[in-house]
Asks: 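What follows is a structure written as structure tokens; I'll ask about it next.
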2 protein chains.
Amino acid sequence: MTGIRELARHLDISIGTVSRALNGKPDVNEETRRRVLEAAEKLGYVANQSGRALRKGSTGVIGFMMQTGREITGQGDTFFMSVFDGVQTVLARHRLDLVALLCSSEEDPQAYLRRVVARGFADGIILSATRRHDERFEFLARSNIPFIALGRSLTDVGQSWFDLDFEGMADTAIDRLVSHGHRHIAVTRPHDDMNLGYVFVDRCRQALARHGLTLDEAHVFRSTPNEAGGYQIARDLIACKKRPTAVVLVNEAIAIGLYRGLNEAGVKPGRDIAVIGRQSPHSQFLSPRLTCFSLALRELGSSLAESLLATMPAYSKHYPDAAARRLWPMDLVPGESDIFNL
Amino acid sequence: MTGIRELARHLDISIGTVSRALNGKPDVNEETRRRVLEAAEKLGYVANQSGRALRKGSTGVIGFMMQTGREITGQGDTFFMSVFDGVQTVLARHRLDLVALLCSSEEDPQAYLRRVVARGFADGIILSATRRHDERFEFLARSNIPFIALGRSLTDVGQSWFDLDFEGMADTAIDRLVSHGHRHIAVTRPHDDMNLGYVFVDRCRQALARHGLTLDEAHVFRSTPNEAGGYQIARDLIACKKRPTAVVLVNEAIAIGLYRGLNEAGVKPGRDIAVIGRQSPHSQFLSPRLTCFSLALRELGSSLAESLLATMPAYSKHYPDAAARRLWPMDLVPGESDIFNL
DNA sequence: TTGGCTTCCGTAAACGTTTACGATACTATG
DNA sequence: CATAGTATCGTAAACGTTTACGGAAGCCAA
């Protein structure tokens with residue numbers, strides 16, 4: 001089964017008609033269309049990707065760019081796998097496929113993206129792990145290829161983006177802790193390249209100010225967004241000369257390291273210090289159960305996909321009111337790590 | 001910059017020569033080659049993927065198939081991201097790209113694979129999350145497309161595969177526990193579809209037999225390979241009428257759930273029960289530190305890629321002695337979860 | 001000078017598909 | 001019956017690249 005030609009010969013009709021029948025074009029008799037679809041199904045014919053893409057100028061593929069070998073997102077695997085699943089439910093409606101574009105740790109992300117785009121690999125691109133200043137935005141905008149970012153950036157080329165509502169998270173967490181009597185609250189943030197840190201810490205500062213409190217700069221803890229980073233934060237926290245009574249974690253993966261570090265020092269979360277973090281596959285299995293912010297990952301993925309499609313001329317009419325820029329809400333899931341009054 | 005034609009016109013030579021120059025073909029003057037490469041670099045020309053693939057019949061892409069929205073592997077994100085990175089170091093030597101083929105939870109994996117293959121998307125495919133009986137092998141073998149599996153299966157079509165050395169892990173773990181005086185050892189396994197469970201449990205049984213011990217069938221615990229599964233195992237374990245004094249976990253993600261379940265019942269790992277598991281990003285942050293089996297993920301990825309390339313005619317000459325079927329060794333990393341003598 | 005060899009390059013076909021265009025047959029309308 | 005309109009289909013060009021083939025030029029030996 002080399003191609004459409006064989007299928008046409010087998011049916012004794014022209015390849016043009018076969019193509020039209022398969023692609024749902026109007027100029028074809030319904031009876032012939034049925035025959036074509038039937039034969040295609042029986043013979044397992046699927047249009048060759050390269051030929052189709054070459055002619056149409058589009059590939060039917062949406063790429064989700066990630067970087068391998070690095071831990072820069074601080075998200076667990078379920079995070080992306082769930083988001084992917086949500087993205088796919090929307091893409092499937094338009095016969096679009098999702099692939100993860102994997103940029104090796106040995107290759108410059110910018111160069112990788114240039115290569116992918118120039119080769120015409122994908123019709124649209126979703127960026128993740130966005131940086132505070134991210135030249136990928138400028139490049140994609142110049143290249144005129146539809147894209148959306150999962151994560152905000154200072155770089156603004158009018159692109160669409162989605163991000164978690166860290167502002168809402170900051171407000172809710174701070175209000176909650178203050179209402180329980182906490183006055184010295186620490187916050188965490190990833191390294192300086194990530195925009196997230198600035199957004200979150202600034203909002204926490206504002207939220208504290210509303211209560212007449214100030215954020216001690218010594219209580220802002222930087223770390224890598226992984227388990228080891230959490231452990232480091234615990235040690236820094238304990239070494240503080242004026243130890244805070246609560247801490248809010250902005251990354252997923254760091255809670256378990258923090259727990260370990262605290263426990264080693266005999267400081268018990270939920271009793272000696274209040275901890276609020278982010279939901280992850282294991283946050284509910286920590287002892288004490290982590291009070292955390294959860295979010296609907298699949299739905300985020302679907303919404304993300306809709307916003308991307310809204311920027312693509314071929315599909316935008318289906319999503320007239322997809323928000324171009326959106327903060328995805330998170331819900332507080334009460335656990336046992338922050339329940340104590342001072 | 002629409003294509004090779006413009007580049008050729010810009011250099012005032014024919015497109016044939018440009019193509020030959022770019023592809024390192026011999027029939028081209030070194031000076032012109034230099035000029036071509038220089039101009040391509042300057043103008044940011046990259047060969048169009050579709051055109052090239054259409055003509056050459058190969059895409060230069062290797063696909064790693066994964067299923068989204070599900071938790072069937074029990075591996076964390078660092079597992080795959082590290083393996084990917086290793087794969088890419090090898091693929092980069094041949095200008096091959098790695099992408100993750102994401103099969104939605106709403107689509108049949110077999111149908112997805114059929115679609116991907118028929119469309120000519122990838123030159124080679126790496127399968128993961130292999131099942132005990134996996135029809136994808138038969139399909140790929142019939143389709144005559146190079147592939148390799150990360151994980152064994154009962155389905156044997158002469159394919160290459162890689163897998164973790166669960167046999168070695170079973171031997172080491174059992175010997176170690178027995179030498180510490182344990183006589184009643186429990187083991188875990190994922191659900192029945194996964195071949196891993198059979199392999200591991202069988203080998204544990206044999207290892208115990210060498211010490212004159214038997215594996216109590218009531219001490220074989222099935223679970224989903226995620227955190228919740230670990231929690232379930234803990235509860236089952238405690239409900240056992242004859243409680244084992246040690247347990248060996250075959251999946252990555254379940255340790256934390258197990259710890260939680262044990263702690264809730266006042267059973268302390270490393271004191272009341274010995275626990276040996278698999279290394280994960282958080283295994284060293286558990287209290288007590290998990291005694292676990294680790295493996296070199298990047299190196300596994302590289303080796304996996306080499307074995308795949310060895311099955312591809314265009315590249316096999318570079319990897320004459322890449323093992324077709326290989327068990328990847330794991331090392332015991334001593335922690336505190338199993339150190340106690342009975 | 002002639003012939004053969006080598007080096008380098010241009011020409012054009014081919015890959016599998018989509019689609020603009022035109023052709024045919026049939027229907028309806030006057 | 002003539003004409004216009006419609007439904008359906010076939011033809012062929014085009015997408016961007018690679019590569020088989022042949023040709024031109026230069027060189028060297030006989």
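In what follows, chains are A, B, ... by sequence order, proteins preceding strands, each numbered from 1.
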Asks: Among residues 23-32 of chain A, which residues get a heavy atom nearer than 4.0 Å to DNA chain C?
Replies: A:Asn23, A:Lys25

Asks: Mind grabbing the angle between the end helix axes of the helix from C:dT1-D:dA30 to C:dG30-D:dC1? Five pairs an end, 10° rounding.
Replies: 60°

Asks: Using whole Å, what does the distance between atom P of nucleotide D:dT17 and atom CZ of B:Arg9 come to?
Replies: 12 Å

Asks: Give each protein N/O atom lying under 3.5 Å from an N/O atom of nucleotides 11-16 of chain C, with the pair distance.
Replies:
unit_1, atom_1, unit_2, atom_2, d
C:dA14, N3, B:Arg55, NH1, 3.2
C:dC15, O2, B:Arg55, N, 3.2
C:dG16, N2, A:Gly51, O, 3.1

Asks: Show me the donor-acceptor pairs within less than 3.5 Å that the side chains of residues 51-60 of chain A make with the rest of the protein, sequence neighbours left out.
Replies:
unit_1, atom_1, unit_2, atom_2, d
A:Thr59, OG1, A:Val61, N, 3.2
A:Thr59, OG1, A:Phe121, O, 3.1
A:Thr59, OG1, A:Asp123, OD1, 3.2

Asks: Could you tell me whether A:Glu106 and B:Arg93 make a salt bridge, using a distance below 4.0 angstrom between a side-chain N and a carboxylate O?
Replies: no

Asks: Quick one: do B:Arg34 and B:Glu38 make a salt bridge, cutoff under 4.0 Å?
Replies: yes

Asks: Excluding sequence neighbours, so at least two apart, what forms side-chain hydrogen bond (donor to acceptor under 3.5 Å, both in side chains) with A:Asp27?
Replies: none

Asks: Any donor-acceptor pair under 3.5 Å linking the side chain of A:Asp85 with the backbone of B:Ser105?
Replies: yes

Asks: For residues A:Arg33 and A:Lys25, report the shortest heavy-atom separation together with the two atoms involved.
Replies: NH2-O, 2.6 Å

Asks: Which atom pairs link the protein and nucleotides 24-26 of chain D when you take only N or O atoms and keep those under 3.5 Å?
Replies:
none

Asks: Would you mind checking if B:Glu6 and B:Arg9 are paired as a salt bridge, meaning a charged N to carboxylate O distance below 4.0 Å?
Replies: no

Asks: Around atom CD of A:Glu41, are there more than 12 heavy atoms from other residues, nucleotides or ligands closer than 6.0 Å?
Replies: no

Asks: What verdict does the side chain to side chain donor-acceptor pair (under 3.5 Å) test give for B:Arg326 and B:Ser303, after you've listed the backbone C-alpha separation in whole Å, the side-chain angles of each residue and the deciding distance to 0.1 Å?
Replies: CA-CA 9 Å; B:Arg326 183 160 181 180; B:Ser303 201; 3.2 Å; yes

Asks: Any salt bridge linking A:Asp156 with A:Arg325? Criterion: basic side-chain nitrogen under 4.0 Å from a carboxylate oxygen.
Replies: yes

Asks: Can you check the B:Glu6 CD to D:dT17 C1' distance for me, whole Å?
Replies: 15 Å

Asks: Between A:Tyr319 and A:His94, how do the two ring planes meet: parallel, tilted or perpendicular, split at 30° and 60°?
Replies: perpendicular

Asks: Separation of A:Gln49 atom CD from C:dT17 atom P, in whole Å?
Replies: 11 Å

Asks: Do the charged groups of A:Arg115 and B:Asp97 touch, with an N to O distance under 4.0 Å?
Replies: yes

Asks: For the pair A:Asp193 and A:Arg131, find out whether any cationic side-chain nitrogen is under 4.0 Å from an anionic carboxylate oxygen.
Replies: yes

